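Right, one structure below, let's go through it.
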Amino acid sequence: MLDIQFIRDNADFVKEKSAQKGYPVDIDRLLELDGQRRSKQTQIEELRRRRNEQAADLKQGKPTSEQIEAGKHLKEEIASREVEAKTIENEFLTLLKSVPNMPLAAVPVGSSEDDNTVIKTVGVPTLFDFTPKHHHEIAEPRDLIDKVRASKIAGSRFAYIKGDLALLQFAIVQFVFQTVTDETILERLIREHNLSVVAKPFTPILPPAVLRTEPYVASARLNAEEVTYRAGQPEDDLWLNASAEHTLCTMYWDEILPEEMLPIRYLGYSTSFRREAGTYGKDTDGIFRMHQFDKLEMEVFSTPETGIEEHELLVAIQEYLVQQLGLPYQLIQKCTFDIGKPNASGYDINTWFPGQNTYRETHTADYMADYQARDLKTRVRSHDGSLAFVHTNDATAFALGRIMAAIIENFQTHDGHVVIPEVLRPFMHGRSEI
RNA sequence: GGAGAGAUGACCGAGUGGUUGAAGGUAGCAGUCUUGAAAACUGCCGUGCCCGCAAGGGUACCGUGGGUUCGAAUCCCACUCUCUCCGCCA
């Protein structure tokens, strides 16, 4: 959530930017409630002060019956004011949390996905001397995916991923782990992009796949209507993560980190679950949009000062990874409407899918500034002793299903095989094709 | 699933009704000493919110939510989580 003080000081700006993000909020009402809760708080604190004074007076001798009566009266007065305050506070908090993060000045204003900006196009759409197929037309006949049986067992949007495709997934995983733990690669990317962040390698991490409601809500990522599955029995209070990001960004919930720990850079691997409600009929073929998929996700906790550069580094790593696979792509800067409620900035990488004759989203990079950390209470203690909310960044390394679909479509051969990108071959027993 | 123990500040850890916002220790900061460092010693050192230009003042917070009381970290109830042992199990 945003800092209420910031909203007080910049009401018009917040109104304007909230609307641009597609999250219009009644800021006037919010400020009205803010005023009410503050005056109510002042009243309550005054009453409590009197109660405390009385208690201090009485702690020695035996209180008289008048004193006890006065104390009881104060207690009742405080209790009724507290009920009023609670009502105001609840409405206030709900409204405050509905205010989206403010986009960075560099984020283009837009009212739909169409207003996203193509920053650059790298590579050219793959050329074929035959009509390229959709990945499912290759993978299903080759028995690399079996969605028919998966639907029998688990329903639609699930798949058995088999044989060489299963091997390919772990080759990609190995490649990414090797890349982001390599300090020299990070140094190079930092230098090439004129960044001043440190080349601290990523820590590989295998997070839990479920999390509780309270941290999930605080992360501003729980979307029970469209995305998030409940896990276990209702009394378990657990959700299946929709990304490792969700179990990673919440990791330091209610913690104060010493500045020397930062930046914390994780590369998480997790099976992710999404309900995909509202996408009926979309991407039903193949493994592009699944209820369950495995994903490699980068998560960074940093000081406020380095948050934006960490964001840029993550995008640079994403580009590097896609380039290493030899896939054509576009880097997209998302507009105010598309970056998402908790984001201050966001980029997508859209990779070329020749079987669909279009670029499709395979990566996203999110910079939340302190928006997530404020609610998560993840703070950093600076060397000078001051406290600040950390800045959080997350970014896809690879969503395995989608990137394998892209590999299949871009590197398909006329006879329905798939050429393996060179960087993956060491992890595929040197094989050049599956 | 059965039985038990516990949850206090950045960390460890005292504290069973009234100067306890909280002993002591560690870490951190400043200083004394030292050629420098270490050690020793001295001092400082929680967070949120409200009022205030500031200095400062007020208030809340000892897992969470209720309750008892003039007064609760301390007593009562419920819940959550953690740990230990047994059982089960990858």
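Chain letters run A, B, ... following the sequence lines, proteins first and then strands; every chain starts at 1. Here the structure is a predicted model, which means the values were calculated and not measured.
Atom CG of A:L387 is separated from atom P of B:G48 by 6 Å (rounded to the nearest Å). Here B:G52 presents its P atom at 13 Å from CD of A:Q41, a figure rounded to the nearest Å. A:R8 has its CZ atom 12 Å from the C1' atom of B:C51, to the nearest Å. In this structure, A:D254 atom CG and B:G48 atom P are separated by 12 Å, rounded to whole Å. Atom CH2 in A:W253 sits roughly 11 Å away from atom P in B:U64 (whole-Å rounding). Per the geometry, CD1 belonging to A:I78 stands 11 Å off C1' belonging to B:G71, to the nearest Å. A straight line from OH of A:Y252 to P of B:C11 spans 14 Å, rounded to a whole angstrom. Rounded to whole Å, the distance from NE2 on A:H73 to P on B:C70 is 15 Å.
Residue A:L257 is out of contact with every strand shown, counting any heavy-atom pair closer than 4.0 Å. Residue A:R81 is out of contact with every strand shown, counting any heavy-atom pair closer than 4.0 Å. Residue-level contact check: A:R50 touches neither bases nor backbone, having no heavy atom under 4.0 Å from any strand. Across all strands, A:N52 comes closer than 4.0 Å only to sugar-phosphate atoms, never to a base (heavy-atom distances).
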Solution key, residues 169-180 of chain A side-chain donor-acceptor pairs under 3.5 Å, sequence neighbours excluded:
unit_1: A:Q169; atom_1: NE2; unit_2: A:Y269; atom_2: OH; d: 2.9
unit_1: A:Q169; atom_1: NE2; unit_2: A:D294; atom_2: OD2; d: 2.8
unit_1: A:T179; atom_1: OG1; unit_2: A:F175; atom_2: O; d: 2.8

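Side-chain contact check for A:Q292 versus A:S272: every heavy-atom pair is 4.5 Å or farther apart.
Side-chain N/O atoms of A:S39 and A:T42 include no donor and acceptor closer than 3.5 Å.
Looking at the side chain of A:R379, the nearest of the listed nucleotides B:G58, B:U47, B:C50 is B:U47.
Across B:G43 and B:G36, the matching C1' atoms stand 24 Å from one another, rounded to whole Å. Here, B:C70 and B:A7 have their C1' atoms 30 Å apart, quoted to the whole Å. Here, B:G48 and B:A10 have their P atoms 10 Å apart, quoted to the whole Å. Rounded to whole Å, the C1' atom of B:C11 lies 11 Å from the corresponding atom of B:G28. Only the C1' atoms considered, B:G46 is 30 Å distant from B:A38, to the nearest whole Å. Annotation: B:G9 and B:G21 have their C1' atoms spaced 9 Å apart (nearest Å). Distance noted for atom C1' between B:G87 and B:A78: 28 Å (whole Å). Straight-line distance between the C1' atoms of B:U8 and B:U74: roughly 11 Å, to the nearest whole Å.
The shortest distance between the side-chain N/O atoms of A:R38 and the OP1/OP2 oxygens of B:C51 is below 4.0 Å. Between A:R381 and B:U47 there is a side-chain polar atom (N or O) within less than 4.0 angstrom of OP1 or OP2. At least one side-chain nitrogen or oxygen of A:R51 sits closer than 4.0 Å to the OP1 or OP2 atom of B:A60.
With A:R8 as the partner, the side chain to side chain contact (heavy atoms under 4.5 Å, CB included) test is satisfied by one option alone out of A:D3, A:V14, A:L31: A:L31.
The partner of B:G71 cannot be assigned: no Watson-Crick or G-U wobble pair with both contacts below 3.5 Å exists in any strand. Across all strands shown, B:G31 forms a Watson-Crick or G-U wobble pair, both distances under 3.5 Å, with B:C41. Pairing for B:C61 is with B:G46, a Watson-Crick or G-U wobble pair whose two hydrogen-bonding atom distances lie under 3.5 Å. In this structure B:G56 sits in a base pair with B:C51, meeting the Watson-Crick or G-U test at under 3.5 Å. Base pairing of B:U19: no nucleotide in any strand meets the Watson-Crick or G-U wobble criterion (both distances under 3.5 Å). Searching all strands for a Watson-Crick or G-U wobble partner of B:C83 with both distances below 3.5 Å returns B:G4.
Annotation: A:H391 is in aromatic contact with A:Y367 [ring centroid separation under 6.0 Å]. In summary, the aromatic rings of A:H363 and A:F398 are positioned with their centroids under 6.0 Å apart. A ring-centre distance under 6.0 Å is not found for A:H291 and A:F273.
Along RNA chain B, the nucleotide nearest A:R48 and the nucleotide nearest A:D237 are compared for position; the residue whose nucleotide lies closer to the 5' end is A:R48. For A:E46 and A:I256, each mapped to the nucleotide of RNA chain B holding its nearest heavy atom, the one lying further toward the 5' end belongs to A:I256.
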